[in-house]
Structure formats: C-alpha cells, structure tokens
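I have placed the structure first, in the form of structure tokens, so that the comments after it can refer back to it.
Numbers restart at 1 for each chain; the letters A, B, ... are given by sequence-line order, proteins then strands. Owing to the predicted nature of the structure, the values given are computational and were not obtained by experimental measurement.
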2 protein chains.
Amino acid sequence: MYSFTEENYLKAIYKLQEQSDVSINTNAIALSIQTKAASVTDMIKKLSDKKLLKYEKYKGVELTKEGKRVALETVRKHRLWETFLHSKLNFTWDAVHDVAEQLEHIQSAELIDKLDEFLGFPTHDPHGDPIPGRNGEIQQSNFILLSEFKVGEKGIISGVVNHSSLFLKHLEKNQLTLGRKIKITEASAFDLSMQIVLDDKNTQQLSHEVARNILVKKTK
Amino acid sequence: MYSFTEENYLKAIYKLQEQSDVSINTNAIALSIQTKAASVTDMIKKLSDKKLLKYEKYKGVELTKEGKRVALETVRKHRLWETFLHSKLNFTWDAVHDVAEQLEHIQSAELIDKLDEFLGFPTHDPHGDPIPGRNGEIQQSNFILLSEFKVGEKGIISGVVNHSSLFLKHLEKNQLTLGRKIKITEASAFDLSMQIVLDDKNTQQLSHEVARNILVKKTK
DNA sequence: AATAATTTTTAGACAAGTCTAAATTATTTT
DNA sequence: AAAATAATTTAGACTTGTCTAAAAATTATT
C-alpha cells in the first residue's frame, strides 16, 4: 500500500507533531530522519498529492486523518515487534530498535494481529512506550519523571524518555529496568542527584541527568 | 549488505540450479521471478560485477560460492520465518509463504540465530522443506513420493512438491497435513488413484495428481 | 523598512531497478 | 547451409528516492 519510505516520513512527522504541536517544518523532518531538506520537500509534495498530509509552501506540514492513521499503524507495528524481540527472543533493551525499524514495514494486517495476540495484547513496549491499538487508540499512561519525585515516595520503573542505546545500556548495567520497584531515600539540593533503593534491597546514587529520563508509576 | 532485489535473484537462481543442474538461462529466471528478460540481463550483469555469479553473454549464469552462500542464507531465513508463522502465530499452511517472502530480507544475523533458537532449531519448515543451517548445510531427507508407494506400505506425511496455495488448501481440507500417518490400502491400475487410511482411522481416495505431490517418510 | 541570516524550494543530476522495442546472437527446421 | 524461429542483449526511457548548488521566500536584526 504505502512504501517503506513513505511510512518512515509519516512516522517521523507524527512524532514531531506529537512533541511540538505547531506545524512541522522541513528542516525538522530532515534532521529527524537524517536526510537533506531538498529531499524532504520532494517527498512531502508526493505525500501531499496522496492526501496524507497538508502542505503549504514554506509553511510546513500537518498530517491528514489518513496520514495519521498510517503513522500510528507504523508505530503500532514497531512497538509490537520491539516487544516480540525483547520478551520472546531475549534481545537486550537497547538492541530492539534497529531491527524493529525494519520489521515495522512488513505488510500484512494478519501478521500484526496474530503477533499482538501471541504477545498477549501488550499495552507497552520494552521502553514503556504505549502500543497503539488496532484503531490507533493510545492508552495514556500516568507515568511521572523520576526527577519529580520527593524523598520517601515510591513507584515502579515504567518507561524512559531518552531512547538512546547509550542510556539504555547504562540503565541495564545498573538494574534500572522496567518493572523494578524504586524508592527515593535522599535528594541533594546541590546537584539534584538522588539516592534510591531498588526492590527494597540495593541502594544507589542517580544523577539528575539519569533521573530526568526515567518514567515511574507512583505507588503508595 | 545485499539488497532485497539481489537476494531475490540469487535465491531464484539457486532454486533453478537445484532443479536442473545445467546453467541457468535468462528466460528461466525472468519466468521464475515474474519479470522481463531485459531486466534479468541488467541484474545479472550487476551480480556478475559483484562476483556473486559467473555470467557469459548468451550462455546463462552459475552462482559463485559467495552467491550460493547468500542464496542459502536467504532460503534459511525464509524457512525459519515460515516455521515461526505456522507454529507460533498459527498461520495456515498456505498463508505463510507470502509473508515470509518479505521477512526473509530483514538484515540481522542476531535475529535469525535467536529466532532459530526460539523455534528449537527446526530442521524442516511447514512444507517439509529442509532448513539450511548457519553454514548452509542442508539435511538431506529421504522422503518418497506418495505415488511411488505400493499397497500395504505405510509412512508419515513429511512434505509437498507443489507449494501452490490451491494445493495446500486442498490438503488441509482433507487433513493431509504434515505428521499424519498414512497407509495405502488400494491402488487403481486404471487412473493411478489410491485409497489410503489416515492415522488408522479415516479412509479416503486420492487422485494421482495429489499423490505425486506429497512426500512421505516410509515406516515399517 | 532595509539588510542580513536562515529556511525552503527549484533545477538538474544520479543510482537502483524496471520496461518496451529494436538489434544481435543462437538454435532449430527444412 | 540457408532460412526461420527463439532467446538474449542493447538502447533509451521511466519511477522512486536521493543529492548538491543555486535561487527564492521568510524571518530576524539593526
């Protein structure tokens, strides 16, 4: 139906739109998919002809309903595949993205539905990002940045903000993985670092840089 | 490393070479991948430049060692994915091929090794075709055409010759699926049809056309 | 409001892969 | 062995997606 490349553009634009709310400009797209502005102009003309987005010269783009649908479907596929790679094939947290980036373009509605069922209809991928449903519904999660937590508060590690391999490897090395219980025992007013306890057992120190990239579901 | 298209050509040539033993000509390749002879000429020039096959104008082609390696790797991927689709996602026998045709081009050695392990290192795909190993070794199977069987002989359905969706659906409808026990109870000298018993329970009549497309492992 | 800086678009070229139609080469028939 | 037929290759064009360099439009600065 839609090409590999078209899907990538739509996904990239969707993600930019999600973050910034204003209409998305050419340079931002070029940056996010590592290509040149001239190439972006060419492609958004094509996507505009196909009614996947609204485009006015020099004014940026906005996805149409159909464009958004395709983007969400691609995100759904990506996150389902990431879940498969992590929970069934034992890929590490940081290794799933690159392979899923390829798998997300396989064309078969049946495949995705069956994969979803096989995985037990997961709601979140291995990074804690929500997996859109068949009709594009996204379950809003009430995760809070760890850096917002006060001393004494507790929760469960549920997602990350930074998705870079470097960060994910760092977390894994320090056992800061999804599902772990976490409690704040100290917080420094000086460098904003915090002392935490994992699963009521291990104490460790986290920099602010780490804490502000971890999402936690608050518990009593 | 190699493109989607290059892999498809190499796989097609490998399969033709497997069947016919002589050097493969342009038209045969064009027919097998549903393209035009002119396109084939262009591509085999390219593959020849890359040392994936030996090509002499008007004389046909032959895979090099590296070309064969790539072909076998692609076949391995295809058959592992078919196995996954059938045994884990419950795809029907005849539906696995088209999706596997896409999945076989995903680039990740780690993925294939982990998939292989996840599936329990299967030796045959859902059609009874052998799955090449990591180094391209193919386990030769001693399957015999059902049409060669004599009255009284027994075996286990282990593969098919015809891979068409139409044939596979026919088999499924008649419970002639992999693993079933089969015994020949009658054979007609007139139309070469046979009467068989499945799993010591159900009797049915098979046309010669069906029997000569089923592979059976003989048992005592 | 004019100039400078930035962003975006256009123009033209390139690579991969495909195609049709015409020209070559090989094979078969007589 | 010549003629007819079939197979293969070449030439040139097209599509998708990309790029660089230059031109045009927009935004920011003074």
Round to the nearest Å and state the distance from A:Asp42 atom CG to D:dC19 atom C1'.
-> 10 Å

Determine whether the side chains of B:Asp125 and B:His86 contain a donor N or O and an acceptor N or O closer than 3.5 Å.
-> no

So what does B:Tyr9 hit on the nucleic acid, given a heavy-atom distance under 4.0 Å: a base, only sugar-phosphate, or nothing?
-> sugar-phosphate

Is the closest side-chain heavy-atom distance between B:Ile24 and B:Leu63 below 4.5 Å?
-> no

Decide if the gap between the ring center of B:Phe4 and the ring center of A:Phe4 is smaller than 6.0 angstrom.
-> no

For C:dT25, does OP1 or OP2 lie under 4.0 Å from any side-chain N or O of B:Lys57?
-> no

Rounded to the nearest angstrom, tell me the gap between atom CG in B:Leu31 and atom P in D:dA7.
-> 11 Å

Look only at the side chain of B:Thr64 and the backbone of B:Leu52, and say whether a donor-acceptor pair between them is shorter than 3.5 Å.
-> yes

Think B:Ser3 has a side-chain N or O under 4.0 angstrom from the OP1 or OP2 of C:dA16?
-> no

Nucleotide opposite D:dT9 in a Watson-Crick or G-U pair, distances under 3.5 Å = C:dA22

NA contact type, B:Lys45, heavy-atom cut-off 4.0 Å: base, sugar-phosphate, or nothing?
-> sugar-phosphate

Among the candidates C:dC19, C:dT18, C:dA11, find the nucleotide nearest to the side-chain atoms of A:Ala38.
-> C:dA11

Nearest of C:dC19, C:dT8, D:dT20 to any side-chain atom of A:Lys36?
-> D:dT20

Atom pair distance, as rounded to whole Å: CD in B:Glu7 and P in C:dA16 | 16 Å

Does the side chain of A:Ser39 get closer than 4.0 angstrom to OP1 or OP2 of D:dT18 through an N or O atom?
-> no

Earlier contact from the 5' end, DNA chain D, for A:Lys59 and A:Met43 = A:Met43

Side-chain N or O of A:Tyr55 closer than 4.0 Å to phosphate OP1/OP2 of C:dT8 | no

Would you mind reading off the distance between A:Lys50 atom NZ and D:dT16 atom C1', rounded to a whole angstrom?
-> 10 Å

In whole angstrom, what separates B:Leu47's CG from C:dA16's P?
-> 12 Å

Heavy atoms under 4.0 Å, any strand shown: does B:Thr26 hit a base, just sugar-phosphate, or nothing?
-> sugar-phosphate

N/O (side chain, A:Asn25) to phosphate O (OP1/OP2, C:dT8) under 4.0 Å = yes

Quick one: does B:Asn162's side chain get under 4.5 Å of B:Leu168's, heavy atoms only?
-> no

side-chain N/O A:Thr5 vs D:dT16 OP1/OP2, d < 4.0 Å = no

Here the distance between atom P of C:dA26 and atom CD of B:Glu56, to the nearest Å, is 11 Å

Length of the line joining B:Asp49:CG and C:dA16:C1', which is rounded to integer Å = 14 Å

Do B:Ser147 and B:Leu192 come within less than 4.5 Å of each other through their side chains, counting heavy atoms only?
-> no

Check whether any side-chain N or O of A:Asn27 sits under 4.0 Å from OP1 or OP2 of C:dT6, and answer yes or no.
-> no

